[in-house]
Amino acid sequence: MDTIKTRFAPSPTGWLHVGGARTALFNYLLAKQAGGVFLLRIEDTDRARHDESAVAKIIEDLRWLGIEWDEGVEIGGDNGPYRQSERLDIYRKYTNQLLEAGRAYFAFETAEELDAMRQAARAEKRNFRYPRPDPLPRRNDADKARAEGRPVVVRFKIPGRDVTIHDEVFGDVTVAADEQDDFIIAKTDDWPTYHLANVVDDALMGVNFVCRGQEFLSQTWRHVLLREAFGFDEPKYAHLPLIMDMQGRKLSKRDGAVEVHAFRKAGYLPEVLVNFIALLGWNPGDDRERLTMSELIESFSPGRIGKANAKFDRRKLLAFNTDAVADADENHLLAGFKDYLSLNETPIPGDDDSLLLHLLRINKGFRTFADILTKCGVLFVTDDAFEYDPKAVKKVLAKGDGDGYAMLADLRTKLSACDWTEDALQSLIEDVCAEKSIGMGKVAQPIRVAVTGSTVSPAIYDTLMILGKEKTIARIDRCLAMREKA
RNA sequence: GAUCCCAUCGUCUAGCCUGGUCUAGGACACCGGGUUUUCAUCCCGGCAACACGGGUUCAAAUCCCGUUGGGAUCACCA
């Protein structure tokens, strides 16, 4: 067989969805592991839902994930153009070919008429099939209809035979002839429908392995029939089980991020997302779970794609990210952290590499970059720009007879006399602990709450070193003053 | 509603094709314990599934049938 050629053909209507990302990934893997070609085509034939900015968004997120195409939009190739909106004349030519061969015909119903027919069928508990007219309307009928202001579409005349799809994942699936009907291939506006454009492009671009979501499986008969009518070769098909939410419903935005970009913005590493979505509906067949892109390429096999829908478990994704971050080298983390900061509003200066590296080090054990921001962001705002969490204040400072405040006042005196090196701070605090025979927590927590407003921050020495003496004292004073007011 | 597809721990899944090695394995989550100046991390231990009912067979998670449950499709959206 020829070298394998796969494609990802998104419709630009918004951000890249994790489901789309998985389809892209599997196509990429399929091509790469066999030394084949992976191409990217934009299917922008839906003018109503079209969003031009989505093209760039999809491309950007694909690249962020590390999925590179060998041919297609932006990089070109021998089979362009790679946007369907630029291939309209091609589709027209193929539609006409069908029309001339009597394999397609014109139809003139309005949406309302079609709707009424469907309603009627429903009322009679009958399945609706478009009633093919006899004789078939010809071009002059179409001209006449157009002159009368009626919509004109082109429908494919199905041959009326059962169609069996040979799917690499689901096996042979047969769609009976009486389940099919004469579907539309050219819309009122003369643009092609998905089925026509997709089939023509795949054939013309040499795509010989079609891997896409399972929602297309029960429609693939249209593609088989269209290909047959054109004399195109059959590609291999592999339909992927769907990705659902934890309730088993279609993955939707309401229960969290579903877009690749959202995970990027939330502080996840791209290779983690790739690893995780690769395991949705596929596995290497052994106990390995952590796989790099090259390991995925090496071990990928369509035969190991499962048939059951998968649920998208965000907690497992988080665990993957936590582990990956712990193993990643600093420069890689630095790049990821900067990307994260550039996408989010943050007081942390994103251009100070040594500071960023320092933050990465003192936050060891973080789960996503967002953890660093929530923990350290407050250290970079002005001293009066953060709120004191009432619960933290109560628990750490006000509890008892204001023991925490007393401790803080004492510490303020000592701290202001400290020469502010990590060693000095450490012995200062340890001395206080020893002197009063109390635990570290009793000393560190009041300071932490005073300088950050919360009970959560990096280790106390790290926190104080980043803040510096002046800001520390200023914040403690603000905290003490707040007590007086209360 | 019609058609098609699917079904192992709460979740991702291994095992199923080529029945016995499965008192069903791994990971996440959860629970319990430990480490830790907070959070997070980390360490140890534990809980937990073959949807149900019939067959076939010496033997079934594995093969067959049915039931139930879930999903997809039935657009001038892709």
Side-chain angles (χ1 to χ4, degrees), chain A residues 9-13 43-46 48-49 84 107 109-111 114-115 118 121-122 125-129 151-155 167 170-171 173-176 178-181 183-189 191-195 197-198 212-221 239 241-242 244 246 248-250 276 279-290 303 306-320 322-323 325-326 363-367 371-372 374-375 392 396 429 433 439-445 447-449 452 454-461 463:
Chain A
S11 180
T13 55
E43 306 215 331
D44 54 350
T45 55
D46 182 347
R49 294 202 305 155
Q84 293 187 328
E109 289 76 14
T110 63
L114 246 16
D115 209 47
R118 288 195 183 96
R122 198 192 183 86
K125 295 189 170 183
R126 199 185 71 223
N127 287 320
F128 174 74
R129 301 262 113 78
V152 176
V153 299
V154 178
R155 284 182 184 266
D167 191 85
F170 289 95
V173 177
T174 299
V175 177
D178 62 7
E179 290 297 320
Q180 310 162 11
D181 76 345
F183 57 94
I184 294 174
I185 56 174
K187 310 181 207 175
T188 307
D189 58 15
W191 283 51
T193 57
Y194 162 74
H195 305 295
N198 183 271
R212 70 228 309 191
Q214 197 201 115
E215 67 267 28
F216 292 102
L217 181 56
S218 39
Q219 307 193 64
T220 302
W221 61 268
H239 286 86
L242 270 18
M244 316 301 264
M246 291 305 279
R249 311 288 319 177
K250 200 162 182 176
F276 185 72
L279 261 20
L280 256 23
W282 177 86
N283 70 79
D286 49 39
D287 285 341
R288 283 182 302 157
E289 281 200 318
R290 306 310 157 97
K307 300 179 185 178
N309 291 168
K311 289 182 181 144
F312 192 83
D313 188 349
R314 293 159 199 284
R315 292 179 301 186
K316 186 153 184 167
L317 208 213
L318 219 212
F320 268 44
T322 306
D323 286 359
V325 140
N363 278 287
K364 277 255 175 344
F366 69 93
R367 299 171 303 184
D371 287 351
I372 301 180
T374 51
K375 235 160 116 172
V396 176
I429 289 174
C433 289
M440 186 79 99
K442 284 267 186 272
V443 182
Q445 282 303 78
I447 301 177
R448 177 172 282 120
V449 172
T452 68
S454 84
T455 55
V456 176
S457 87
I460 198 68
Y461 308 121
T463 301

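Residue numbers start from 1 in every chain, and the chains themselves are labelled A, B, ... in the order their sequence lines are given, proteins ahead of strands.
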Legend entry - Side chain of A319(A) - closest among rC39(B), rC76(B), rA29(B): rA29(B)
Inset, instruction - Can you check whether any acceptor in the base of rU37(B) is under 3.5 Å from a donor in the side chain of R448(A), or vice versa? - result: yes
Legend entry - Atom C1', compared across rU8(B) and rC16(B): separation rounded to whole Å: 10 Å
Inset, instruction - To the nearest Å, give me how far apart CG (D323(A)) and P (rC42(B)) are. - result: 6 Å
Legend entry - Any K307(A) side-chain nitrogen or oxygen under 4.0 Å from OP1 or OP2 of rC6(B): yes
Inset, instruction - Report which part of the nucleic acid P10(A) touches: base, sugar-phosphate, or nothing (heavy-atom distance under 4.0 Å, all strands). - result: nothing
Inset, instruction - Kindly give the heavy-atom pair with the smallest separation between P192(A) and A197(A), and that separation in Å. - result: CG-CB, 3.9 Å
Inset, instruction - Tell whether K375(A) reaches the base of rA40(B) with its side chain through a donor-acceptor pair below 3.5 angstrom. - result: no
Legend entry - Residues E289(A), K316(A): salt bridge by 4.0 Å N-O rule: yes
Inset, instruction - Could you check whether the rings of F183(A) and H195(A) sit parallel, tilted or perpendicular, using 30° and 60° as the cut-offs? - result: perpendicular
Inset, instruction - Would you indicate which nucleotide in rC6(B), rC76(B), rA40(B) comes nearest to any side-chain atom of A308(A)? - result: rC6(B)
Inset, instruction - Check every atom of rU73(B), rA29(B), rC76(B) against the side chain of L114(A) and return the nucleotide holding the closest atom. - result: rC76(B)
Legend entry - Residue whose closest nucleotide on RNA chain B lies nearer the 5' end, E289(A) versus L242(A): E289(A)
